[in-house]
Number of protein chains: 2
Amino acid sequence: MEMCKPQQNHLLAALSMEVKERLFSHMEWVELPLGKVLYESGDTMRHVYFPTDSIISLLYVMESGASAEISVVGNEGLVGIALFMGGESTPSRAVVQSGGHAYRLPGQRLKDEFNRHGELLMLMLRYTQALITQMSQTAVCNRHHSIDQQLCRWLLLSLDRLPSNKLTMTQELIANMLGVRREGVTEAAGKLQRLGVIEYSRGRITVLDRHKLEELSCECYAVVKRETDRLLPYTPSTMPDERSIAPKFRR
Amino acid sequence: MEMCKPQQNHLLAALSMEVKERLFSHMEWVELPLGKVLYESGDTMRHVYFPTDSIISLLYVMESGASAEISVVGNEGLVGIALFMGGESTPSRAVVQSGGHAYRLPGQRLKDEFNRHGELLMLMLRYTQALITQMSQTAVCNRHHSIDQQLCRWLLLSLDRLPSNKLTMTQELIANMLGVRREGVTEAAGKLQRLGVIEYSRGRITVLDRHKLEELSCECYAVVKRETDRLLPYTPSTMPDERSIAPKFRR
DNA sequence: ACCGTTCTGTTCTATAGCGTACATAGCGGA
DNA sequence: TCCGCTATGTACGCTATAGAACAGAACGGT
């Protein structure tokens, strides 16, 4: 048996003997044929996969059926971060892009390695997953949606983070954020203004019809919003039974 | 200390009294004027920011100077995940997009909350950060680069995860991954073939000139590669011990 | 050796967004 | 009050990519 396998998984290889032995006693060696779906959008993940000579694509599949790759995972990584990030699932699909093999570990076994970590950590991880969702959706949106749709998404994301329905933001600035021309924003904003959805002048934008804005936006806003709400429900910490909630974060 | 009631930070609000009190004894209340840069690409972060009534944009600034927003952070989150993810910095810039305030915590204080967590966790987190980098860069690439460039990037990312210089992948499949038309891939691949960079037929692609491929690719590949190498150097620690694997799962 | 299927190549038109140039309009300081 | 600056509006040609339709080419089972 060769000592230095050419296609071992790098993450597993980097672990100490102690941890590795504990994990490997529960590890399965599985074949991953091309096209196999490891998990669908929203699926509760049961295993994490450590690819060795296979490649897995994380895709976001849109309502239209069109898809875009969010990221790609090979022997440098693992599939199923949501299991330890705390979200248990993601809005993306994992498909085998290049057939091969992987080590597979029941999610529970991975979580067992985490069972001493406190609430702060769990909270951070869950937030991180929400952030990742946003990033992914941004990539998708950049690929597939019009400036008009993206402006709506962007306004809604901003609106959710502000106390009023006004934001101070020149079209030039928005263009930089979206990575488009200022003129493109001018046109899109003009349309929204003509529709009575927003009102603006010299860097002061007032949202008049939020509902319409949501209608005009692409699905990307809703996806991020829904996932963020799911991951971070923000139970008020002033509640007296706060500490009794904490154990639910531990598995 | 003033406890900003209407616009408290949601993450802080969700913490238990115990943890919150420990954190708040080291917390600063800072003003964030519009346009202030919280950190530049590659900067070692000293603080994490919990915005209350401000919005911070995470931007990736390209070599050309053009920029694209990776994500946006408001009172639902925090700026500086790299501090607890283990990377200490990111390739992105954080700019105040909407002036306001935030709670600021020295990074070390946050890390103190993490100091009992084992090596597995740290490894996972570092990987996650690398993945996040890839996602971010995908968003950037989708916005700004041609199909030709994106194909090069994609081939390189795949190549790095495979043992040989051959990959089995139809143009149709690649098109799905990149979120573009199959015809677009056909054209881009044709150009590469004519340049002698690759050779392919019916789903079998051989990379002949990797160096050229890197030249033709946009910067996005290099950014992700460099960051991944930095976060996960895979130091030649203990090699895997075959005997620790359950016999039936050995290769 | 054949035939159907699956890949790849080509060509047409349509359009969104870019680059560029320049015009207008509102605010704010002197 | 005026000037200058910044923000917004508009217009024109250009290009990359989408959408669609179809032709050729190679593989693989029977």
Side-chain angles (χ1 to χ4, degrees), chain A residues 34-35 62 64-68 97-99 139-155 166-195 197-206 216 218, chain B residues 34-35 62 64-69 97-98 139-155 166-195 197-206 216 218:
Chain A
L34 176 68
M62 282 178 290
S64 70
S67 62
Q97 176 207 303
S98 182
V140 170
C141 205
N142 282 352
R143 163 62 67 220
H144 290 285
H145 301 128
S146 67
I147 293 187
D148 300 49
Q149 290 174 306
Q150 291 183 51
L151 176 61
C152 292
R153 172 179 64 88
W154 192 90
L155 286 172
K166 298 189 198 322
L167 38 162
T168 309
M169 182 65 46
T170 66
Q171 297 182 355
E172 180 79 43
L173 262 274
I174 296 176
N176 283 337
M177 296 298 112
L178 295 181
V180 300
R181 287 182 321 149
R182 196 266 312 161
E183 290 88 336
V185 175
T186 297
E187 275 200 49
K191 285 186 204 169
L192 290 180
Q193 173 142 271
R194 260 169 265 131
L195 286 170
V197 177
I198 64 171
E199 196 174 62
Y200 65 84
S201 82
R202 296 183 69 73
R204 231 163 295 273
I205 303 176
T206 309
L216 292 171
C218 49
Chain B
L34 176 70
M62 282 179 289
S64 69
S67 62
E69 189 180 59
Q97 178 208 301
S98 182
V140 170
C141 206
N142 282 353
R143 162 63 67 223
H144 290 286
H145 301 129
S146 67
I147 293 187
D148 300 51
Q149 291 175 307
Q150 290 182 52
L151 177 61
C152 293
R153 172 179 66 86
W154 193 90
L155 287 171
K166 295 188 200 326
L167 39 161
T168 310
M169 182 64 44
T170 66
Q171 297 182 355
E172 180 78 45
L173 262 276
I174 296 176
N176 282 337
M177 296 298 111
L178 294 181
V180 300
R181 288 179 320 149
R182 197 265 312 158
E183 292 88 335
V185 175
T186 298
E187 276 200 50
K191 285 186 203 169
L192 288 180
Q193 174 143 267
R194 262 169 263 132
L195 286 169
V197 177
I198 65 171
E199 196 174 60
Y200 66 85
S201 81
R202 294 183 69 74
R204 230 165 296 273
I205 304 176
T206 309
L216 293 170
C218 50

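Computation of the quantities below employed the complete heavy-atom set of this structure, encompassing side-chain atoms and omitting hydrogens, waters and symmetry-equivalent molecules. Below, read A as the first sequence line, B as the second, and so on, with proteins coming before strands; counting in each chain starts at 1.
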Grab the [atom1]-[atom2] distance between [X] and [N] for me, whole Å please.
X	N	atom1	atom2	answer
B:I198	C:dT8	CD1	P	10 Å
A:K191	C:dG17	NZ	C1'	11 Å
B:E199	C:dC7	CD	P	19 Å
B:L151	C:dT8	CG	P	12 Å
B:N176	C:dT6	CG	P	15 Å
B:E172	C:dT5	CD	P	17 Å
A:L178	C:dC18	CG	P	10 Å
A:E183	C:dG19	CD	P	9 Å

Spacing of [X] atom [atom1] and [Y] atom [atom2] [to the nearest 0.5 Å]:
X	Y	atom1	atom2	value
A:H144	A:Q150	NE2	CD	11.0 Å
A:R181	A:N176	CZ	CG	13.0 Å
A:D148	A:L216	CG	CG	8.5 Å

Name the nucleic acid region contacted by [X], choosing base, sugar-phosphate or nothing; use a 4.0 angstrom heavy-atom cut-off, strictly under.
X	value
A:G184	nothing
A:T170	sugar-phosphate
A:E187	nothing

Quiz item: Does B:Y200 place a side-chain N or O at less than 4.0 Å from the phosphate oxygens OP1/OP2 of C:dG9?
Solution: yes

Quiz item: Counting only side-chain N and O atoms of B:Q171, is one of them less than 4.0 Å from OP1 or OP2 of C:dG9?
Solution: yes

Keeping [X] on the side-chain end and [Y] on the backbone end, is there a donor-acceptor pair under 3.5 Å?
X	Y	answer
B:N142	A:N142	no
A:Q193	A:Y200	yes
B:R204	B:L167	no

Exercise. Using the closest heavy atom to pick a nucleotide of DNA chain D for each, name whichever of A:T186 or A:R143 lands nearer the 5' end.
Key: A:T186

Quiz item: Where do B:A188 and B:I147 come nearest, in terms of heavy atoms and distance?
Solution: CB-CG2, 4.1 Å

Quiz item: How do B:G203 and A:Q150 order along DNA chain C: which one's closest nucleotide is nearer the 5' end?
Solution: B:G203

Quiz prompt | Whichever of A:R182 and A:H145 has its nearest DNA chain C nucleotide further upstream toward 5' | solution = A:H145

Self-check item: Beyond-backbone contact of B:L192 with B:L155, side-chain heavy atoms, under 4.5 angstrom
Solution: yes

Quiz item: So, A:Q171 and A:T186: side-chain donor and acceptor under 3.5 Å apart, yes or no?
Solution: yes

Quiz item: Does B:E187 CD have over 12 foreign heavy atoms under 6.0 Å away?
Solution: no

Exercise. Provide the start and end nucleotides, 5' to 3', of the part of DNA chain D that has atoms under 4.0 Å from heavy atoms of chain B.
Key: D:dT17 to D:dC27

Practice problem: Spell out yes or no: do the side chain of B:R202 and the base of C:dT6 have one donor N/O and one acceptor N/O closer than 3.5 Å? | Solution: yes

Practice problem: Have a look at the helix from C:dA1-D:dT30 to C:dA30-D:dT1 and give the angle its two end axes make, five pairs each, rounded to 10 degrees. | Solution: 30°

